[in-house]
Amino acid sequence: MYENILRHPGPTPIPKKVQLAMNRDIISHRSNEFVELYRETIELVKPVFGTKQDILLLPSGGTAALEAAAINTVSAGENVVVITVGAFGDYFVSICEKYGFHVHKLEKEWGQACTAKELREFLQPLQDIKAVFITYNETSTGIINPIAELAEVVREETDALCIVDGVSCIGGAPAEMDAWGIDILVTGSQKAMMLPPGLSLVSVSERAWKVIEENKTPSFYLNLLSYRSWAEKGMTPNTPTVTLINGLHEVCKLIEEEGGIEHTIARHELIKNMVRHAMNALNIELLTTDEHASPTITAIMAPKGIALGDFLSHLKQQYHLDFAGGLGHLQGKIFRFGHMGYCFPSDILQAISLMEAALQDFEYDFELGAGVRAAQEVFLSAQRKQL
């Protein structure tokens with residue numbers, strides 16, 4: 001049997017060392033062994049967030065962490081701004097509306113990022129904004145918002161909290177939570193963090209804790225004050241995902257082995273460029289501009305003259321290469337090439353080579369090897385710069 005080559009925006013491949021770490025014997029989440037594991041893991045993951053704040057570990061998917069960020073900071077009837085540039089920005093809108101927040105939606109065309117100028121102009125006429133919710137990396141379109149610039153605008157124009165969804169990029173994109181003035185930063189385990197689904201990570205600024213302490217929205221399972229209280233004891237309030245925390249500890253060790261998070265981020269930037277240059281060489285259009293292209297996922301238009309559904313199905317059945325399709329109104333128009341977490345230049349070259357084989361099967365007009373060669377040139381140029 002052939003192994004499936006998973007090039008999705010999540011879940012993503014898991015390193016063997018991480019799999020072995022998760023296979024360790026289960027320990028009690030109220031034991032001294034767990035306290036040691038928990039505290040050491042939290043310290044190891046702080047550089048990934050760019051923070052000195054503790055990281056809270058929720059036994060949940062990323063959506064629950066987004067909900068926790070919302071309901072712990074805002075009460076019904078209060079004003080919030082949500083920047084939405086795709087399907088997952090709309091998640092924040094849905095969560096906020098569900099809890100009765102008054103939502104001011106700054107909406108951009110899918111495939112475009114929000115600029116600092118646009119956010120500033122949007123915020124200036126508004127009053128009493130409690131929080132601004134921003135998607136850092138939009139999985140549905142492959143764009144990355146200029147989060148440092150947007151966070152700066154939030155601080156300059158409002159007293160609002162800056163709450164950031166980093167689910168699909170933390171671990172693969174720069175994150176300087178403290179330096180940028182982000183108040184809550186959230187990510188999930190199954191994307192650039194190289195783990196299975198089921199664990200979310202949340203970091204909260206001192207300013208945000210003061211707001212949370214005064215907030216009136218009731219919450220039990222997602223109560224961040226409860227998580228903070230238990231974290232002081234090196235535990236979680238509810239039964240944690242012990243196996244995933246073992247895995248997270250190993251992920252942080254792998255990042256250290258690579259040379260630190262800066263090197264991991266540089267690898268993601270390299271493989272992003274390999275993918276984009278390859279698609280350009282194959283005359284396949286990209287949804288986003290280079291300026292705002294995600295380092296963890298590339299949204300690629302359907303090759304001209306090819307039915308996208310048939311192409312993706314053929315890739316998976318014949319070549320065992322598994323890409324993700326488009327979401328919302330982009331379904332059938334784009335596919336999404338995930339290159340985050342446990343993904344290296346060799347994986348990119350493999351995927352592009354198999355893509356070219358499938359393109360030949362569909363009699364697409366291109367020069368065989370052009371995509372692989374373009375990706376190789378990007379890789380070799382980066383290698384030469386390191387010498």
Side-chain angles (χ1 to χ4, degrees), residues 2-9 12-13 111 141-144 169 172-173 192 258-259 263-326 333-387:
Y2 288 97
E3 186 173 331
N4 188 49
I5 303 166
L6 187 64
R7 294 268 63 91
H8 267 235
T12 62
T141 62
I143 73 101
I144 192 160
C169 68
E258 191 170 9
H263 289 266
T264 303
I265 290 167
R267 167 167 55 84
H268 281 80
E269 189 70 16
L270 169 62
I271 57 181
K272 172 198 80 173
N273 290 332
M274 290 175 68
V275 171
R276 295 183 72 82
H277 279 75
M279 294 305 109
N280 288 335
L282 295 172
N283 295 315
I284 299 176
E285 294 181 19
L286 301 166
L287 180 65
T288 64
T289 64
D290 289 345
E291 181 184 5
H292 295 122
S294 164
T296 61
I297 179 173
T298 299
I300 303 169
M301 305 299 290
K304 291 179 181 177
I306 296 178
L308 184 56
D310 294 341
F311 180 66
L312 295 180
S313 179
H314 181 72
L315 267 175
K316 186 172 182 180
Q317 292 177 10
Q318 186 67 28
Y319 298 105
H320 314 283
L321 178 59
D322 193 359
F323 289 128
K333 298 178 181 178
I334 68 164
F335 66 98
R336 295 174 297 148
F337 187 141
H339 38 81
M340 65 182 80
Y342 194 52
C343 182
F344 297 87
S346 57
D347 299 305
I348 301 302
L349 294 173
Q350 177 194 47
I352 293 167
S353 177
L354 294 174
M355 265 193 69
E356 290 196 11
L359 288 170
Q360 269 203 318
D361 295 340
F362 279 79
E363 299 182 350
Y364 180 75
D365 184 19
F366 74 107
E367 178 190 351
L368 183 63
V372 172
R373 185 166 59 252
Q376 285 175 329
E377 288 171 355
V378 172
F379 173 61
L380 293 173
S381 175
Q383 293 292 100
R384 286 191 291 269
K385 289 177 182 177
Q386 294 176 4
L387 295 177

Measuring from atom [atom1] of [X] to atom [atom2] of [Y], what distance do you get when rounded to the nearest 0.5 angstrom?
X    : Y    : atom1 : atom2 : value
F337 : M355 : CZ    : CE    : 7.5 Å
R373 : L368 : CZ    : CG    : 9.0 Å
S294 : E269 : OG    : CD    : 9.5 Å
T141 : I143 : OG1   : CD1   : 5.0 Å

Would you say that [X] contacts [Y] through its side chain, given a criterion of any heavy-atom pair below 4.5 Å between the two side chains?
X    : Y    : answer
F335 : L308 : yes
I300 : F323 : no
L282 : E367 : no
R336 : I334 : yes
D322 : I5   : no
L359 : F311 : yes
N283 : F366 : no
L286 : N280 : yes

Worked check of side-chain hydrogen bond (donor to acceptor under 3.5 Å, both in side chains) between E377 and S381:
CA-CA 6 Å; E377 288 171 355; S381 175; over 6 Å; no
Please find the pair of heavy atoms, one from [X] and one from [Y], that lie closest to each other, and give the distance.
X    : Y    : result
I144 : A173 : CD1-CB, 4.0 Å
P345 : I271 : N-CG2, 3.8 Å
M340 : A192 : SD-N, 3.6 Å
Y364 : P303 : CE1-CB, 3.9 Å
A351 : L321 : O-CD2, 3.5 Å
I352 : A278 : CD1-CB, 3.3 Å

Is there a donor-acceptor pair closer than 3.5 Å between any side-chain N or O of [X] and the backbone N or O of [Y]?
X    : Y    : answer
D310 : I306 : no
H339 : H268 : no
E356 : V372 : yes
D347 : F344 : yes
R7   : G338 : yes
H277 : A374 : no

What's the verdict on side chain to side chain contact (heavy atoms under 4.5 Å, CB included) for I297 and H8, showing C-alpha distance, side-chain angles and the deciding distance?
CA-CA 8 Å; I297 179 173; H8 267 235; over 6 Å; no
Ring geometry between F362 and H314 (parallel below 30°, tilted from 30 to 60°, perpendicular above 60°)
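H314 vs F362 ring planes: perpendicular.
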Is the number of heavy atoms from other residues, nucleotides or ligands within 6.0 Å of CD (Q318) greater than 12?
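It does: Q318 CD has more than 12 such atoms within range.
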For side chain to side chain contact (heavy atoms under 4.5 Å, CB included), just list the numbers for T288 and R276, CA-CA rounded to whole Å, side-chain angles, deciding distance to a tenth of an Å, and then say yes or no.
CA-CA 10 Å; T288 64; R276 295 183 72 82; 3.3 Å; yes
Quick one: do the Q317 and S313 side chains pair a donor with an acceptor below 3.5 Å?
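Judged by distance alone, the side chains do pair up.
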In sequence, state the C-alpha distance, the side-chain angles, and the governing distance for E3 and H320, and then conclude on side chain to side chain contact (heavy atoms under 4.5 Å, CB included).
CA-CA 7 Å; E3 186 173 331; H320 314 283; over 6 Å; no
Could you go through the side chain to side chain contact (heavy atoms under 4.5 Å, CB included) check for I348 and F379 one step at a time?
CA-CA 10 Å; I348 301 302; F379 173 61; over 6 Å; no
